[in-house]
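Protein chains get the first letters and strands the later ones, always in sequence-line order, with residue 1 at the start of each.
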2 protein chains.
Amino acid sequence: MTLARRTGGPLTANDWIQTGFELLSEGGPNALRIGRLCERLEVTKGSFYWHFTDMCAYRAALAHAWADLYDERRRRLEIPPDTKGRERLEEMVRALIRTDHWALERAMRIWSLTDDSVLESVRRRDELVLSEVRQAFVDCGFDDDEATLRSSVLFAAGVGLLHDHRAAQDAPLGARVLDLMLRQ
Amino acid sequence: MTLARRTGGPLTANDWIQTGFELLSEGGPNALRIGRLCERLEVTKGSFYWHFTDMCAYRAALAHAWADLYDERRRRLEIPPDTKGRERLEEMVRALIRTDHWALERAMRIWSLTDDSVLESVRRRDELVLSEVRQAFVDCGFDDDEATLRSSVLFAAGVGLLHDHRAAQDAPLGARVLDLMLRQ
DNA sequence: ACCTGAACACCGTTCAAGT
DNA sequence: ACCTGAACACCGTTCAAGT
């Protein structure tokens, strides 16, 4: 899953995916139109239908690529695996707030609310993240039941705040929310 | 803002609004199409454009009517004004979870994420609710700063959980979340 | 005042034909 | 293998014409 752009020559499915991410980040789910993709890639609509059977299949491919992108990013430059407990949670909150991820994250999440094939990918990833958050609470000394509750609330609050333009990029608020959730 | 359906005769703007709420509740924002409205009301598209200048104006009318609907419902059958503090918060959480409100609430909120004129109505209402929630925390004995933080987290968690089909109708979870947010 | 019916632009989709 | 170009259905929008 590279971010390289094409330089003339025939298109690959990945070119369509990357351009889809651009449109989603810039204008949200409603900006993802076949016509606009074709404009950017300088081909006609028939090309799209050679690479993908229809919009539905393209959506599924985008959702899948997005999950891969997330995994790769996570492996490459994010939280070292030996970071535990509170420090790990702090890193996760910071990662969520980072500007370059935020627009695509938000677009995919909004999109998942009206598209079941996207929802599936988002949900699968959410379950992984949620279990990680839960484990971090356990590492902080909370029992299983309490860790489940607190991780659910922290995660839900994160999703809720992500949708609010004003609060979503507010790092001090993020720190205070986490602080509240960690009080004994 | 009545819920009465039309019985033959000419349509009113309110007929279009009520039918719009039906479509939104049943199928979310993408189900709100002029063609489907016309099918249900047994008229042609021209009728729509006599009552509303365009889809954008209709959206704004729907958003406004929804805010009115919320206020009216609240006055009629919801939380008595002398209910304070914890009990008031419990009632608010219960009200959010109630099934008949949930579908429309969810659809409007999803819609607001991709439509600015809907966002404006949702946001105005959210600010009222949030300040109420905040006041309830103050009534529970939290200082101003702490009440602001806790009300923000509770509200954001509510929004986050609303989007999750599995968690949104889970009353025991709602009670436990509130309980966590009220701990000293 | 309230609505019909026909027209147009836009977008997703198909497909035969090109290289 | 990869793409063009023309066609069609669907939907938002306009508007002259009807009652």
Salt bridge or not between [X] and [Y]? Use side-chain N to carboxylate O under 4.0 Å.
X: A:R86; Y: A:D179; answer: yes
X: B:D82; Y: B:R88; answer: no
X: B:R94; Y: B:E91; answer: yes
X: B:R125; Y: B:E105; answer: yes

Q: Answer yes or no: does a side-chain N or O of B:R33 lie under 4.0 Å from OP1 or OP2 of D:dC10?
A: no
(Q) Near DNA chain D, counting only heavy atoms under 4.0 Å, which residues of residues 44-59 of chain A show up? (A) A:T44, A:G46, A:S47, A:W50, A:H51
Q) Please give, in whole Å, the distance from C:dC2 C1' to B:E42 CD? A) 16 Å
Q. Starting at CD1 of A:I34 and ending at C1' of D:dC11, how long is that distance when rounded to a whole Å?
A. 15 Å
Q.
Assuming nearest nucleotide by heavy-atom distance, tell me which of B:W16 and A:R36 is located more 5' along DNA chain C.
A. B:W16
Q. Do the ring planes of A:W16 and A:F48 sit parallel (below 30°), tilted (30 to 60°) or perpendicular (above 60°)?
A. perpendicular
Q) Which of these nucleotides, D:dG12, C:dC3, D:dC3, is closest to any side-chain atom of A:V43? A) D:dC3
Q.
Run B:V159 and B:F155 through side-chain contact (heavy atoms from CB on, under 4.5 Å) and show every step you take.
A. CA-CA 6 Å; B:V159 172; B:F155 191 81; 3.9 Å; yes
Q.
Let's test your reading of the pairing rules: Watson-Crick or G-U wobble, both distances under 3.5 Å, then write DNA chain C as a dot-bracket string with ( ), [ ], | and dots.
A. ||.|||||...|||||.||
Q) Is A:D54 reaching over with its side chain to a backbone N or O of A:A57, donor-acceptor style, under 3.5 angstrom? A) yes
Q. Backbone N or O of B:T12 within a donor-acceptor pair of the B:D15 side chain at under 3.5 Å?
A. yes
